[in-house]
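Side chains are part of it too, since the values below use all heavy atoms of this structure and drop only hydrogens, waters and symmetry mates. Position 1 is the first residue of the sequence; numbering continues from there.
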Amino acid sequence: IAAFQPVSYFTVYSGTKGFLRYFSETLAFELKKSNISVTCVCPGGTYTEFFEHSGQKITSSGHATMMSVE
């Protein structure tokens, strides 16, 4: 999700995700005529211990839409 919108107080995290997404899209375009493909996987929200350590509060509806690490 952070690759598609900025996240307040997670500037480097969301900026890095956005960079990788745009880098992948641009590289795929540049290699379009070659035999090389580029895939950027954007799986969506995954609930990990990251949220507890970062101090983020996840609502029950937000937590219900997230994938588990399993």
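Within 6.0 Å of atom CD1 in I1, 12 or fewer heavy atoms from other residues, nucleotides or ligands are found, so the atom counts as exposed in its surroundings. Around the OH atom of Y9, the shell of radius 6.0 Å holds no more than 12 heavy atoms that belong to other residues, nucleotides or ligands.
Under the side chain to side chain contact (heavy atoms under 4.5 Å, CB included) criterion, S34 pairs with L31, I36, not counting sequence neighbours. With sequence neighbours excluded, no residue forms a side chain to side chain donor-acceptor pair (under 3.5 Å) with S54. With sequence neighbours excluded, the residues forming a side chain to side chain donor-acceptor pair (under 3.5 Å) with T59 are S61, listed by chain and number. Residues forming a salt bridge (Lys or Arg N to Asp or Glu O under 4.0 Å) with E30 (at least two apart in sequence, or on another chain): none.
Taking CE of M66 as the reference point, atom CD1 of I58 lies at 4.0 Å (rounded to 0.5 Å).
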Using distance only, find each side-chain donor-acceptor pair of residues 11-24 under 3.5 Å and give its atom names and separation, not counting sequence neighbours.
from : atom 1 : to  : atom 2 : distance (Å)
S14  : OG     : V7  : N      : 3.4
S14  : OG     : F10 : O      : 3.0
T16  : OG1    : V12 : O      : 2.7
R21  : NE     : E25 : OE2    : 3.3
R21  : NH1    : A3  : O      : 3.0
S24  : OG     : L20 : O      : 2.8

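Screening residues 34-44 for salt bridge (charged side-chain N to carboxylate O under 4.0 Å, His left out) gives no qualifying pairs among residues at least two apart or on separate chains. Sequence neighbours left out, not one pair with a member in residues 32-51 passes salt bridge (charged side-chain N to carboxylate O under 4.0 Å, His left out).
V69 forms part of no hydrophobic cluster, judged by ILVMFWY side-chain heavy-atom separations under 4.5 Å.
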